[in-house]
Amino acid sequence: MTALPRGESPGPSAAVGDDVADPAAAVPAPSAQDAGADAGEAEVTGEAAETAVASDGAAEAAALSEAEAELAAQRELRERIEKRKAEKDGPIAAGTKLSGQAADLLAAVRAVESGEKSGAAFFDSPAPAPRRAAPVPAPALRRVPEPVLAPQGASAEAVAAVTAVLAEGGAPGNLAVPAAETLGAQAADLLREDPWQLLAVPAVLPEQADGFARALLGAACGPDDERRTAALVGWVLESAALRGHTALDASAVRAALAERAVTDPEAAVQHAVEEGVVLVFQDGLDDQEAAADPEDSGDGATDGTVEEPVQVLLGLDRYALAEESLADGLARLVNACEKDADWSEAAAAAGSPSAAELIRAVAAGGLVTHTGGEAARAEPAALITAARSLGLRAFGATHSVDGRHRLAGALDDPAAAVTLAGLLSGAEGPGREADGALAADLLVVLDAPQLDVETAAALVESLADGARLVLSGDPGVLGSAGAGRVFADVLAAHACPQTVSRTPDPGPIGELVSGIGIGELNQVAAPGKEVVIVPVHDAGEAVHRTVQLVADSVPRAIGVPSADTQVITVGHGGSAGTRALNAALKQRLNPGPGRFGGFDPGDRIVHVPAPGRAVPGTVVSADAEGLHLDCAGTPVVVPQERVEPSVRHGWALSAHQAAGMRWPAVVVVLPGDAAQGLSRSWVYTAFSRGERHLSVVHGVDQALPRAVAQPASQERTTRLRALLEALPTAAV
């Protein structure tokens, strides 16, 4: 099979691009060169990613919106940390006054370092207490808060107080609102006492926090100020979480501190551990070290040094608790499963062998994984239909509203299809039992690769004993916008039965994407112009031809209107990133003065109600109340102060934002400066978003086949796989 060369179209389909206008008329490329890929995070507020907020699957009150619930969870976590710090009434000797898991883990590290004990001795923990079974089902209640109001900001008093402190330190006033929202009502006092708390605000860099601290504290601060080093440790780990990591190797954290002029990184890490900023973990022997001959110490034997027998990881408590809760919850589902119906007839009546295999696996297990492409989504739909025919309360949850619509179309009862966000907030789905558990016997989670660890933990904790969970998705697509790699870790740990669909995706696009999944970029026959390659020489030409494809060529040659054609590119910045493409597409498709924060009625937008969630929509109107959006039929009102950080134009998206959604036609833009952002997973995700047509604006030469040929990588450090493998329920 031959890799697709630059400029060559598969089959006769290049005719779609034959009528492209003169390249000389191309839209001028911006001078910005910050191309780059998303590196695991979805586009979020402003110029940088916001810190992810833990999902609270309990949904405390019907009147609370999903965003308000997330803010409440954030405040609760912050209060818990402040309470822990307040309990320390004096100087702390190394490691004293720690309690619970932090103390145990710190003791583990020291015991291993001293040679007193081996790392394996600290992993014999008692089995988790069994979860109380859900009571007899009561009539489910559905709460549908519409229209949805975007989250309200901090109080005016808190913002004013923070503004005054920021002015004293020479920091820009536009940080006042996010600082008050992040640090809470006492934000001004916290910043005055510890100026480096500013690092907790999204988009603030250490250099900026250092300048702010010098202005407030003068000579009283320095590079080794314990307040600074503790804040830097937290910032390093929060930055890593935006790239998908739930923990980092301690050596990587120390190296990052050294780059920030910390003279004793080891002491800084120790102080951060003692202050409760981070937790310490040891997740077992490294595979290569375990396999090595302990007698063979090499050159190190001459000086008596011995390598650390375990990998020491540092992590934030929010992700540590989420991963441990998730691992325990998955083990509970495996152990609590009981036979509740006769599934044999349902399996025999399944429409395909793969669907029958999935039904039989679910009949025998409380936790099952299912992998496959887009066509394989019919198999979870068949499972849900079969379970409901047996009288079970079965539901399917998707990552996006678009995914919910596609699932609903394959079900006898469309109400059985929900979004994950709607399910956890209580706006969609079966409602909850008296003990807070979801009123569901079977939950199938489609688009499982988009599950971050906090959402997954909240979801599993919401399932009652005896409920079944199926994680279904395509392992070739990009991972979650939030921290963790839940689906990949569950698959790698072999913690439950795994079913693999044998239903291939049809047509030329399916054939092309299937090849990419195994590392081959093949030419495919596309007699109906399903796949088209449009070669370009520079970013300006890429922008120009993209606009022409969306506005003229695809509607005329393929019959897909511009409103149903989605542009996907590698990054938000750069000369042909989402910003440049959105500006050009707006000028062509919906020109206007941008009367409300740069938007006009009819603009395609993407609304980010919470970090990691990108909801496409359309601008309807604007008034004193805010910007009125139509997000897949749901009216949303975004207050004026929230428009800039949470709403952007949406004619062009990143592949991370597009994951979990599909459109009739897709135009993938690959400008030359985006070559470094390509990977097999990125290409696989972007190319598989089109249902009927795929155009590739190709300007990366051989970088595309090289990216596809490289092994698919999951460059995320997580603990979930090790936790699952340590459980006695893990299957080999």
Side-chain angles (χ1 to χ4, degrees), residues 81 84-85 88 90-119 121-122 194 196-197 199-200 205-207 209-210 213 220-241 243 245-286 289 297-317 319-320 717-719 722:
I81 294 174
R84 183 170 64 228
K85 290 182 178 179
K88 302 181 173 68
I92 301 174
T96 63
K97 291 198 176 182
L98 287 178
S99 62
Q101 185 184 52
D104 294 341
L105 291 169
L106 183 59
V109 173
R110 291 176 175 172
V112 170
E113 289 176 345
S114 65
E116 178 183 350
K117 294 185 179 180
S118 67
F122 296 92
D194 181 359
W196 286 282
Q197 290 288 325
L199 272 178
L205 298 175
E207 295 81 4
D210 286 342
C221 68
D224 292 316
D225 189 303
E226 289 186 339
R227 293 169 294 182
R228 177 180 187 263
T229 60
L232 280 176
V233 171
W235 177 82
V236 168
L237 291 170
E238 288 286 5
S239 300
R243 301 191 302 275
H245 304 283
T246 61
L248 283 181
D249 190 284
S251 62
V253 176
R254 290 194 293 266
L257 293 177
E259 292 176 356
R260 299 290 175 180
V262 176
T263 57
D264 191 348
E266 186 171 354
V269 169
Q270 180 71 20
H271 172 71
V273 172
E274 294 170 353
E275 285 294 302
V277 176
V278 295
L279 300 178
V280 185
F281 307 100
Q282 297 172 296
D283 286 327
L285 293 170
D286 179 86
E289 290 177 347
S297 58
D299 295 337
T302 59
D303 57 9
T305 60
V306 180
E307 285 191 57
E308 286 185 331
V310 294
Q311 182 184 29
V312 178
L313 298 177
L314 300 177
L316 299 173
D317 60 354
Y319 301 118
T717 302
T718 64
R719 301 176 52 242

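From a predicted model like this one, the values you see are computed outputs, not experimental measurements.
When all heavy atoms of Ala256 and Val236 are compared, the pair lying nearest together is CB-CG2, 3.9 Å. Of all the heavy atoms in Leu248 and Ala240, the pair that sits closest is CD1-CB, 3.6 Å. The heavy-atom pair separating Asp225 from Cys221 by the smallest distance is OD2-CA, 3.9 Å.
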### Message
Apply side-chain contact (heavy atoms from CB on, under 4.5 Å) to residues Trp235 and Arg260 and explain how you reach the verdict.
### Response
CA-CA 12 Å; Trp235 177 82; Arg260 299 290 175 180; 3.6 Å; yes
### Message
Under the criterion salt bridge (charged side-chain N to carboxylate O under 4.0 Å, His left out), I'd like the reasoning laid out for Arg243 against Glu238: C-alpha separation, chi angles, the key distance, then a yes or no.
### Response
CA-CA 9 Å; Arg243 301 191 302 275; Glu238 288 286 5; over 6 Å; no
### Query
side-chain contact (heavy atoms from CB on, under 4.5 Å) between His271 and Thr229: does it pass, once the steps are laid out?
CA-CA 8 Å; His271 172 71; Thr229 60; 4.3 Å; yes
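With hydrogens and angles ignored, the 3.5 Å screen pairs a side-chain donor or acceptor of Arg228 with a backbone N or O of Pro223. In this structure a side-chain-to-backbone donor-acceptor pair under 3.5 Å is present from Asp224 to Thr263.
Between the CZ atom of Arg719 and the CD atom of Gln311 there is a distance of 11.0 Å, given to the nearest 0.5 Å. Within the model, atoms CD of Glu274 and CD of Glu226 stand 8.5 Å from one another, a figure rounded to the nearest 0.5 Å.
Contact annotation: the side chain of Leu257 approaches that of Val233 to within less than 4.5 Å [non-hydrogen atoms, C-beta and beyond]. Contact annotation: the side chain of Trp196 never approaches that of Leu232 to less than 4.5 Å [non-hydrogen atoms, C-beta and beyond]. A 4.5 Å side-chain heavy-atom check between Thr246 and Thr717 finds every atom pair outside the cut-off. With contacts defined as side-chain heavy-atom distances shorter than 4.5 Å, the pair Val273/Leu279 does not qualify. Gln282 places none of its side-chain heavy atoms less than 4.5 Å from the side chain of Leu313. No side-chain heavy atom of Asp249 sits under 4.5 Å from any side-chain heavy atom of Val312.
Side-chain polar atoms of Gln270 and Glu266 form no donor-acceptor pair below 3.5 angstrom.
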